[in-house]
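Please read the structure below before turning to the comments.
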Amino acid sequence: MLFNSFEFLLFFPLVTLIYFAIPHKYRWFHLLLASCVFYSFFIPIYILILFFTIIIDYYAGIWIEQSHGKKRKSALIMSLVANIGVLSVFKYYNFFIDNFNSILFKINPDQLLPHWDIILPIGLSFHTFQAMSYTIEVYRGNQKAERHFGIYALYVMFYPQLVAGPIERPQNVIHQFYEKHEFNYELAKSGLRLMLWGMFKKVVIADRLSIFVNKVYGQPTDYQGLPLIVATLFFTFQIYCDFSGYSDIAIGSARVMGFDLMKNFDRPYFSKNISEFWRRWHISLSTWFRDYLYIPLGGNRVAEYRRYFNLFFVFMMSGLWHGASWHFVIWGALHGIYLIFGQLTKRFQETVLGLLKIQLLQNIIHASITFILVAFAWIFFAAHNNADSIYIIKHLFSQNSHSISQIIEIIGENDLYLILISVFILEFVQWQQRGKLIANHFESKPKWQQWMAYYLILLMILCFGVYNNSQFIYFQF
């Protein structure tokens, strides 16, 4: 079920009202059933895949807690193999086959391995990583094995963050399913406000930007120069508004019922370096890779060359996690190179920018360079393949006398103005946050200003939203 759909407009209030109306002891079952219904709106049969890994991980957690020595490790390995195995089969089988066939073709072109024509289960990477974090945390002794099968299933399937995160840790969430949540007006207001803001980012900004981005990136060889630059900048804001919009709606819908999910975005385009960008972008995923891959590889406790290798490897894996294609791997590798280069030249950068003396000017330059680097890397993320990525990069600054007319023809003059205004509102609100949640900022303002802001956002959603029931970008992962 899509958050930006008529079905969810009915689903969310109905589920929430029933949640508060029924006795606490039945609420876990209600939420689990609602989550099954939510997921079944996509491809119902795929819910069996979820329950396959849920059953394995549930018993693996108990086995880990009750066992000692090699048996504990064997139970963890069984769980990880099951989860990674399902992910590999459904998401990476064709990727591996393609690469193997490219080698096999040179040896015997008549003996190529067949593709598996199957649709990727929605949100598979997200709930797989969340399930893996459970058995790892039980193994590390940070979480007790959950004996209530329904509660554990709900941890994996909780509908707000089931298909696109945030990727939660068991110690942050499981205990909340046991707590009795009474209706709280302030929490409900805060949650609904966050959902409203997330919907604004999705249907007013992201979905309108996608019209231009899909046109240009869908057939990049028809364009050169300014349209390619504009499409790249538009995608930079599209993917942020799309994914952070989903996270806002997910966190907000859970908050209305009294649940506290982790923050997933923190104004990433205000970052002054790539390292800071990854502390602000998709926080639940970047911390997952940090805790479960980077640190086990040695993290910062190893020799400098090994630390750089660890960084590069983790970001390549992050790219592969996002998609079974080499252009995603290149996107991840670019960020790894950015980080390594930034660390190697840190003192030089500080020396050069230190000559400016004015801290604000230094911050602007740092943030601008970081934004440009991130936007450039998004080319590999947004393009359909490496050939398109290379074409776009080669023709970004080509001369084209029809550039302006092409842009207007695709997006329309009125829509272009609307995009500029809505992005300005986005950046203005985020600048006003200055590290605080938007809720806290508005609470300090007079009531009439708060309600004016809410009604303005609601009015823009109703009047200027793009209602084509488009999926969120990160559903494909």
Side-chain angles (χ1 to χ4, degrees), residues 1-6 8-17 19-20 38 158-161 164-166 168 173 176 181-208 237 240-270 280 283-284 421-467 472:
M1 186 182 299
L2 300 173
F3 283 159
N4 55 324
S5 66
F6 179 74
F8 185 74
L9 193 62
L10 299 176
F11 175 86
F12 168 70
L14 182 62
V15 169
T16 304
L17 288 172
Y19 175 80
F20 285 115
F38 182 87
F158 189 40
Y159 87 82
Q161 40 87 230
E168 281 288 358
V173 175
Q176 295 189 56
H181 299 135
E182 302 290 352
F183 178 79
N184 184 299
Y185 173 76
E186 291 301 324
L187 277 180
K189 185 176 72 170
S190 171
L192 290 171
R193 180 171 51 220
L194 194 56
M195 293 176 71
L196 186 68
W197 180 240
M199 197 66 73
F200 169 79
K201 288 195 281 188
K202 169 60 176 172
V203 302
V204 176
I205 303 180
D207 286 351
R208 193 168 299 278
F237 283 98
Y240 169 66
C241 290
D242 192 282
F243 192 24
S244 69
Y246 178 93
S247 293
D248 288 344
I249 299 170
I251 296 168
S253 59
R255 186 179 296 172
V256 171
M257 293 185 290
F259 296 97
D260 182 27
L261 300 182
M262 71 179 295
K263 190 176 183 179
N264 214 19
F265 289 87
D266 184 14
R267 305 181 307 150
Y269 292 149
F270 287 91
R280 293 168 173 261
I283 299 168
S284 64
I421 291 169
S422 56
V423 170
F424 173 80
I425 291 172
L426 170 75
E427 294 302 303
F428 176 77
V429 169
Q430 294 191 135
W431 176 254
Q432 289 298 313
Q433 285 181 261
R434 284 191 251 267
K436 297 185 296 183
L437 287 172
I438 192 170
N440 295 336
H441 176 74
F442 276 122
E443 287 296 339
S444 66
K445 297 296 181 182
K447 293 293 183 184
W448 68 269
Q449 290 186 17
Q450 294 180 35
W451 286 105
M452 273 190 63
Y454 303 152
Y455 282 126
L456 176 62
I457 293 173
L458 181 59
L459 186 63
M460 290 194 71
I461 291 172
L462 294 175
C463 296
F464 305 118
V466 177
Y467 299 103
F472 289 81

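Each residue takes its place number in the sequence, starting with 1.
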Margin query: What verdict does the side-chain contact (heavy atoms from CB on, under 4.5 Å) test give for K201 and S244, after you've listed the backbone C-alpha separation in whole Å, the side-chain angles of each residue and the deciding distance to 0.1 Å?
Written below: CA-CA 8 Å; K201 288 195 281 188; S244 69; 3.0 Å; yes
Note: L426 and I205 closest approach over all heavy atoms is CB-CD1, 4.0 Å
What one should report as the nearest heavy-atom pair of A250 and P160 is CB-O, 3.1 Å
| said: Under a 3.5 Å distance rule, please check whether S253 uses its side chain to pair with a backbone N or O of I249 as donor and acceptor. | reply: yes
Residues D260 and E168: closest non-hydrogen pair is O-OE2, 4.4 Å
Q. Is there side-chain contact between I425 and M460, with at least one heavy-atom pair below 4.5 Å?
A. yes
* **Within the 6.0 Å centroid threshold, strictly below: F12 and F3** => no
For A254 and F158 the tightest heavy-atom approach is CB-CE2, 4.0 Å
Side-chain heavy-atom pair V256, L187 within 4.5 angstrom cut-off: no
*Quick one: are P268 and Y240 in side-chain contact, heavy atoms under 4.5 Å?*
yes
Could you tell me whether a side-chain N or O of R280 sits under 3.5 Å from a main-chain N or O of R267, the two making a donor and an acceptor?
yes
OG of S190 to CE of M195, rounded to nearest 0.5 Å, is 11.5 Å
F183 side chain near M257 side chain, heavy-atom distance below 4.5 Å: no
One should read off an interatomic distance between K202 NZ and D207 CG, to the nearest 0.5 angstrom, of 4.0 Å
request  = For the pair R255 (side chain) and G191 (backbone), establish whether a donor and an acceptor sit closer than 3.5 Å, ignoring hydrogens and angles.
outcome  = no
CG (L196) and CD1 (I461) are apart, to the nearest 0.5 Å, by 4.0 Å
Check: F259 vs Y19 aromatic rings, parallel, tilted or perpendicular, using cut-offs 30° and 60°?
Finding: tilted
Evaluate N4 against F8 for side-chain contact (heavy atoms from CB on, under 4.5 Å), listing each step before the verdict. CA-CA 7 Å; N4 55 324; F8 185 74; over 6 Å; no
### Query
Any donor-acceptor pair under 3.5 Å linking the side chain of T16 with the backbone of P13?
no
- Task: Compare all side-chain heavy atoms of E427 with those of F270 and state whether any distance is below 4.5 angstrom.
- Result: yes
Heavy-atom nearest pair, Y159 first then Y246, reads O-OH, 4.4 Å
Review point. Could you walk me through whether R208 and F464 pass the side-chain contact (heavy atoms from CB on, under 4.5 Å) check?
Key: CA-CA 9 Å; R208 193 168 299 278; F464 305 118; 4.2 Å; yes
* To do: For residues I251 and L261, determine if any side-chain heavy atom of one lies less than 4.5 Å from a side-chain heavy atom of the other.
  => yes
query: What about F200 and W197, are their ring centers closer than 6.0 Å?
result: yes
- Task: Would you confirm whether S5, through its side chain, and M1, through its main-chain N or O, come within 3.5 Å as a donor-acceptor pair?
- Result: no
Shortest non-hydrogen pair, H181 vs Q176, comes out as CE1-O, 3.2 Å
Between N264 (side chain only) and S284 (backbone N and O only), is there a donor and an acceptor less than 3.5 Å apart?
yes
d(D248 CG, R193 CZ) to nearest 0.5 Å is 12.0 Å
